[in-house]
Visitor: 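Please find one structure pasted underneath; my questions will follow.
Basis for what follows: all heavy atoms, side chains included, without hydrogens, waters or symmetry-related copies. A, B, ... follow the sequence lines: proteins, then strands. Residue 1 opens every chain. Please read these numbers as outputs of a predicted model, since none were measured by experiment.
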2 protein chains.
Amino acid sequence: MGQPLSSSGNDGPDIRILDAAERLFMEHGYEATSTRMVTRDAAVNLAAVNYYFGSKEGLMQAVLRRRLDWLNRERLHLLDAAETEARGAPLKPSLIVDYFFGTLLRMGARPETGGQTFQRLLGRTHTEPAAFISTFLASEYADVVNRYKSALCRALPDVPREEIVWRFHFMLGATAYAITGTDSLQLITDWKMEEDVQVQAQKLLARLMSFLLGGLRAPLPQSRSA
Amino acid sequence: MGQPLSSSGNDGPDIRILDAAERLFMEHGYEATSTRMVTRDAAVNLAAVNYYFGSKEGLMQAVLRRRLDWLNRERLHLLDAAETEARGAPLKPSLIVDYFFGTLLRMGARPETGGQTFQRLLGRTHTEPAAFISTFLASEYADVVNRYKSALCRALPDVPREEIVWRFHFMLGATAYAITGTDSLQLITDWKMEEDVQVQAQKLLARLMSFLLGGLRAPLPQSRSA
DNA sequence: GTCTATATCATGATAGAC
DNA sequence: GTCTATCATGATATAGAC
């Protein structure tokens, strides 16, 4: 059952609910968003969320799944193709990082994949405390994360696997902050308003890639015990 | 009105409320934590939160302020002392990064400053959607962030200020993920249980510092337009 | 200062008409 | 499939006794 990706004008009630929920969960978080807000914004009846998605939790999972299935399939395709072409030779770290994190950032410039709304939602969702969200994300990411960890280990044979795992974690955090737009510390004050979204996204991608690769390839910390 | 930092055994009701709220906000987030849960865990009456802190929002602000005031004062003291000793010469980037992010990580090993509980709460709080939290954080961080941005600009004169600001943002994200312990993707599966908290914190600090400095000093992205 | 009791409201979910 | 009406619950906050 392929989930539709577009939301082009006049869609069915379920799609309108997904679109409204995506936006509201992004803006207010899962807990602070009520099903009443969702049904009101989607212009459907109050009972529609439970009819189509069973519960508020089911709605949240459907919102995430619609985009994550596509994103992680894309990530796997890119890695598969590159590894096939390399015939067993390790890939360049910059390529691996671009496939995983660049694919996510490029989603933001494409409205048919959720655009910035889903980007920001995802950045926030990784730190949502609700247990069912962690469980759901873990299952959605299990395959792709294992594949990418292995690819990075082959690409950087001098870096211990434990270090790779941590640096992957750090890269994820930096990326989450980069796309969430949650700048509660008002660090980013000099937005250029004249630039369009495409240009901003491209510059952000270049900036983030430099940072991530710098961190990934940094000298190993001198360990006092191990 | 100096806020007490310790919670050593038999404290007043307000301190017990702060301790319980810190733990519950960390575990469930702001929205999913009710004042009933707080008062029950603190073993005080249901009306006590409103009596001592005015509202649930007031409680959240008090929880954050108790630790952030101390943390940011410490950060400013360290930077002041180093800049005074340097007599106008730029500081080493590693020193600046350690003062800002290392001070936070070292809090985790000290129970009297909230220990890991506050660390994780703070990592999550940066992405809380509630507007009053963003506003509060912005005011708490305004001074210290400006001072550290300027110090980094002097330390890295070849890096444009705009780039410094973004990389500061990325470092914050990586650090937030490092301390939140929210590993919804189950990347970090190989926790060494035999090691104590002190050793783990020290290793994490060394790992994070390598990553942050690598990202901070990475080659600049080639910009196509600017 | 501290507590009990309660006011007021919004929530998630469902039953059952059409 | 879609809607109205409503239930049961739990939320924040406060009034007023002690």
Visitor: Specify the closest pair of heavy atoms between Lys56(A) and Glu31(A), including all atoms of both residues, with the distance to one decimal.
Guide: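 In terms of heavy atoms, the two residues are closest at NZ-O, 3.6 Å.
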
Visitor: What is the separation between atom CG on Asn50(A) and atom C1' on dG1(D), rounded to the nearest whole Å?
Guide: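 In whole Å, dG1(D) C1' and Asn50(A) CG are 15 Å from each other.
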
Visitor: Ile17(A) CD1 to dC3(D) C1': how many Å, rounded?
Guide: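 Taking CD1 of Ile17(A) and C1' of dC3(D), I get 13 Å after rounding.
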
Visitor: Quick one: is dA11(D) close enough that its OP1 or OP2 comes under 4.0 Å of any side-chain N or O from Ser34(B)?
Guide: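 Answer is yes, contact under 4.0 Å.
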
Visitor: Which heavy-atom pair separates Thr117(B) from Met26(B) by the least distance, and what is that distance?
Guide: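 Heavy-atom minimum between the residues: O-CG, 3.5 Å.
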
Visitor: Less than 3.5 Å between a donor and an acceptor, one on the side chain of Arg36(A) and one on the base of dG12(C), is that the case here?
Guide: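 Side chain to base: pair found, below 3.5 Å.
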
Visitor: Thr33(A) near the nucleic acid: base, sugar-phosphate alone, or nothing, with a heavy-atom cut-off under 4.0 Å?
Guide: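 Sugar-phosphate only.
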
Visitor: Considering only side-chain heavy atoms of Lys56(A), which listed nucleotide, dA13(D), dA13(C), dT2(C), is closest?
Guide: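 It is dA13(C).
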
Visitor: Can you tell me how far P of dG1(D) sits from CD1 of Ile15(A), to the nearest Å?
Guide: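 Computing the Ile15(A):CD1 to dG1(D):P distance gives 13 Å.
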
Visitor: Is Arg167(B) close enough and on-axis enough to Phe211(A), meaning under 6.0 Å and within 45°, for cation-pi?
Guide: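 So Arg167(B) doesn't make the cation-pi contact.
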
Visitor: Send over the distance from Glu31(A) CD to dA11(D) C1', rounded to a whole Å.
Guide: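 Glu31(A) atom CD is separated from dA11(D) atom C1' by 13 Å.
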
Visitor: With a 4.0 Å cutoff (strictly under), does any side-chain N or O of Tyr51(B) reach OP1 or OP2 of dG1(C)?
Guide: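 Yes, because at least one side-chain N or O of Tyr51(B) sits under 4.0 Å from OP1 or OP2 of dG1(C).
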
Visitor: I want to verify a distance call: between dA13(C), dA15(C), dG12(C), whose nearest atom is closest to the Leu46(A) side chain?
Guide: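 Per side-chain heavy atoms of Leu46(A), the pick is dA13(C).
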
Visitor: State whether Arg67(B) and Glu140(B) are salt-bridged, where the test is any N-O pair (Lys NZ or Arg NE/NH1/NH2 against Asp/Glu carboxylate O) under 4.0 Å.
Guide: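 Not counted as a salt bridge, because no side-chain N and carboxylate O are separated by less than 4.0 Å.
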
Visitor: Tell me: OH of Tyr52(A) to C1' of dA13(C), nearest whole Å?
Guide: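 It is 17 Å, rounded to the nearest whole Å.
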
Visitor: Arg40(B) CZ to dC3(C) P: how many Å, rounded?
Guide: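 So the CZ-P distance, Arg40(B) to dC3(C), works out to 16 Å.
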
Visitor: From the list dT14(C), dT11(C), dG1(C), which nucleotide is the closest neighbour of the side chain of Ala47(A)?
Guide: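 That would be dT14(C).
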
Visitor: Does dT4(C) have OP1 or OP2 under 4.0 Å away from a side-chain N or O of Asn45(B)?
Guide: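 Asn45(B) to dT4(C) OP1/OP2: side-chain N or O found under 4.0 Å.
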
Visitor: Would you kindly give the CZ-to-C1' distance between Phe53(A) and dG1(D), to the nearest whole Å?
Guide: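 One finds 14 Å between C1' of dG1(D) and CZ of Phe53(A), rounded.
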
Visitor: Tell me: CZ of Arg16(A) to C1' of dT2(D), nearest whole Å?
Guide: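 Rounded to the whole Å, the gap is 12 Å.
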
Visitor: Would you call Asp98(A) and Arg106(A) a salt bridge, using N to O less than 4.0 angstrom?
Guide: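 Here Asp98(A) pairs with Arg106(A) in a salt bridge, since their nearest N and O are under 4.0 Å apart.
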
